[in-house]
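Following: one structure in structure tokens, then a few remarks.
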Amino acid sequence: QARLVESGGGLVQPGGSLRLSCAASGFTIDDYDLAWFRQAPGKEREWVSFINRHGRQTHYADSVQGRFTISRDNAKSTLELQMNSVKPEDTGIYFCAAGPWMTLVRMATAARYHYWGQGTQVTVSS
């Protein structure tokens, strides 16, 4: 019954901002670490950011460090990704994912996550 639903994607110009959201249901969000992945056309899924169970640890891919911010609200069962200063290479389908007891080594490994959303499209273009 676990479900993750992304929202907030759309078309944005380079240098602009977007805020993505992910709503969780059907499982106890407090028991899961969360992450954002993205997939550009013709490319493999790429890890973007990670946040641990209670939001005390966050990690970012080098490509988005300093521009994106991940956050979560366990009381609302939501995950957020604030995207600032976006670039054309940020274009892709963005997925949220949940996995139990992740480690720094495997937090970027898509196969380790138990639950996935269907994705929301982000297009950065002039």
Would you say that [X] contacts [Y] through its side chain, given a criterion of any heavy-atom pair below 4.5 Å between the two side chains?
X	Y	answer
S25	S77	no
V124	K87	no
L34	I29	yes
L11	S125	yes

Task: Parallel, tilted or perpendicular: rings of Y32 and H114 (30°, 60°) - done: perpendicular
Any residue meeting salt bridge (Lys or Arg N to Asp or Glu O under 4.0 Å) with [X], in chain and number order, not counting sequence neighbours:
X	result
E89	none
R67	D90
R106	none

Rounded at 0.5 Å granularity, tell me how far [atom1] in [X] sits from [atom2] in [Y].
X	Y	atom1	atom2	value
E6	L20	CD	CG	8.5 Å
Q39	Q121	CD	CD	10.5 Å
M107	I51	CE	CD1	12.0 Å
Q82	I70	CD	CD1	12.5 Å
R56	R53	CZ	CZ	8.5 Å

Where [X] and [Y] come nearest, the two heavy atoms and their spacing:
X	Y	value
A98	L4	N-CD1, 3.9 Å
W47	Y60	CH2-C, 3.5 Å
A108	F37	O-CE2, 3.7 Å
L79	S71	CD1-O, 3.2 Å
S21	W36	O-CH2, 3.8 Å
V122	G9	CG2-CA, 4.2 Å

Starting from [Y], can I reach [X] by hopping between I/L/V/M/F/W/Y residues whose side chains sit under 4.5 Å apart?
X	Y	value
L81	F95	no
V64	L18	yes
L104	F50	yes

Open item on the list: Counting only heavy atoms not in R45 (residues, nucleotides, ligands), do more than 12 fall under 6.0 Å from its CZ?
Closed with: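 Buried by this count: over 12 neighbours within 6.0 Å.
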Open item on the list: Using modelled atom types and a 3.5 Å cut-off, is there a donor and acceptor pairing between side-chain atoms of N52 and backbone atoms of Q57?
Closed with: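 Confirmed, N52 side chain pairs with Q57 backbone.
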TODO: Can you tell me which residue pairs pass the ring-ring contact (aromatic ring centres under 6.0 Å, His included) test with a partner in residues 68-94, sequence neighbours excluded?
DONE: none
Task: Pairs where residues 69-84 contributes a residue and the test salt bridge (charged side-chain N to carboxylate O under 4.0 Å, His left out) is met, not counting sequence neighbours - done: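 As it turns out, the salt bridge (charged side-chain N to carboxylate O under 4.0 Å, His left out) pairs with a partner in residues 69-84, which skip direct neighbours, are R19-E80.
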TODO: Identify, with sequence neighbours excluded, every residue that meets side chain to side chain contact (heavy atoms under 4.5 Å, CB included) alongside A2.
DONE: F27, Y115
